[in-house]
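Worksheet for the structure shown next.
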Amino acid sequence: MLSVGALVKDERWHICEPMRMTPTRWLWLGLIGAAVLTLVAWLHDRYPDTLSSRDGQISLVHSVLILAFVASSLVVRGRPNVGRVVRDATLWIAIGGLILIGYSFRHDAAWLGNRLLGEINPSAGMAEADSIRFRASKDGHYSIDALVDGEPVRFLVDTGASDVVLSPADARRLGFSPDTMSFTKIYSTANGTVRGAPVRLGRIQVGPILVEDVRASVNGADLGRSLLGMSFLERIGGFDVRNDTLTLYR
């Protein structure tokens, strides 16, 4: 009869005993290595630009090491169950395929997201590489969400305004003080003559379009919304209106 100490000693001996690498395990490891190399070669051929950067190469090496470690551990830790290995491999291939498909259609997904956002919030626009489009509101006007010196401002497009015109409320948010400004500039509008205080805006950004050092004024009377006038529109690549859609070009 073996004592408890002998059993413990015997169990420890089996735990510490090195794993024997049989020809079958070497074959599985070889197949895994060949599969990994084939995958790397295919990725390099399919996405050469991605792997040309240092970050892309580091990400690839990291992913390959994890894949090789997981796959080889299944082989080394014991006799591989062929059915289970095939099932797990199929699952991981399916996951990788979904990730690959999602990556391939990333630009279409971004376009779809912009389209949905533009439908839900027309003033946000539908941005593309060198242009941005805005749908007309129910009253036929075009509202545009822009960044003025980093602050969000919603403008009403007015091609009849020679300058960008800020409402007193938007002017205060941008750091101007209408109460202490000199309203020396006179504008003729459909509602009569109004006065404005000349200012300069560091930058106005609408989607991919950026214009710096923009001539503007702060309206002397209360204005419901700031106006995006010609001092901005005449300095971009162009704009047009078709089918109730305003397009600004960079």
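You'll find the side chain of L174 reaches within 4.5 Å of the side chain of L166, heavy atoms only. Within the 4.5 Å cutoff, the side chain of V148 has no heavy atoms near those of the R203 side chain. By the 4.5 Å heavy-atom criterion applied to side chains, I186 and V194 are not counted as neighbours. Looking at heavy atoms from C-beta onward, M181 lies in side-chain contact with V218 at the 4.5 angstrom threshold. Using a 4.5 Å cut-off on side-chain heavy atoms (C-beta onward), I132 and Y249 make no contact. By the 4.5 Å heavy-atom criterion applied to side chains, F155 and V164 are counted as neighbours. The shortest side-chain heavy-atom distance between L147 and P152 falls under the 4.5 Å cut-off. Proximity of F134 to V206: side-chain heavy atoms (C-beta onward) are separated by under 4.5 Å at one or more points.
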For side chain to side chain donor-acceptor pair (under 3.5 Å), just list the numbers for D145 and S123, CA-CA rounded to whole Å, side-chain angles, deciding distance to a tenth of an Å, and then say yes or no. CA-CA 5 Å; D145 287 340; S123 60; 3.0 Å; yes

Candidate pair M230 and T159, rule side chain to side chain contact (heavy atoms under 4.5 Å, CB included), full reasoning: CA-CA 6 Å; M230 294 304 295; T159 57; 4.3 Å; yes

Which is it for I144 and L248 under the side chain to side chain contact (heavy atoms under 4.5 Å, CB included) test, yes or no, and what are the steps along the way? CA-CA 11 Å; I144 289 180; L248 305 181; 3.8 Å; yes

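Of all non-hydrogen atoms in D244 and Y142, the two that sit nearest each other are C-OH, 3.3 Å. Of all heavy-atom pairs between N219 and P168, the closest is O-CG, 3.6 Å. The minimum heavy-atom distance between F239 and I236, with the atom names listed, is CB-CD1, 4.5 Å. Residue P198 comes nearest to S182 through the heavy atom pair CD-O, 3.9 Å, listed as atom of the first residue, atom of the second, then distance. Nearest heavy-atom pair across R215 and S231 is O-OG, 2.7 Å.
One side chain, S226 or D170, offers a donor N or O that lies under 3.5 Å from an acceptor on the other. No side-chain N or O of S177 forms a donor-acceptor pair with one of D179 less than 3.5 Å apart. A donor-acceptor pair shorter than 3.5 Å can be found between the side chains of D163 and Y187. Counted by atom type alone, S143 and R225 present one or more donor-acceptor pairs between their side chains at under 3.5 Å.
When hydrophobic clusters are built by joining Ile, Leu, Val, Met, Phe, Trp and Tyr residues whose side-chain heavy atoms come closer than 4.5 Å, directly or via intermediates, M126 is not grouped with I209.
Under a 4.0 Å N-O distance rule, the pair R133/D240 does not qualify as a salt bridge. Ionic pairing of R200 and D213 is present here: one or more N-O contacts between side-chain nitrogen and carboxylate oxygen are shorter than 4.0 angstrom.
Taking NZ of K138 as the start and NE2 of H141 as the end, the distance is 15.5 Å to the nearest 0.5 Å. T247 contributes atom OG1, which lies 8.0 Å from atom CD of E128 (distance to the nearest 0.5 angstrom).
Summarising the hydrophobic clusters (Ile, Leu, Val, Met, Phe, Trp, Tyr; side-chain heavy atoms under 4.5 Å, direct or chained), the residues clustered with L156 are V165, L223, L227.
The salt bridge (charged side-chain N to carboxylate O under 4.0 Å, His left out) check on D130 picks up R250, with sequence neighbours excluded.
No donor-acceptor distance shorter than 3.5 angstrom exists from the side chain of E212 to the backbone of V214, with no hydrogens or angles considered. Without hydrogens or angle criteria, N243 side chain to T245 main chain gives no donor-acceptor distance under 3.5 Å.
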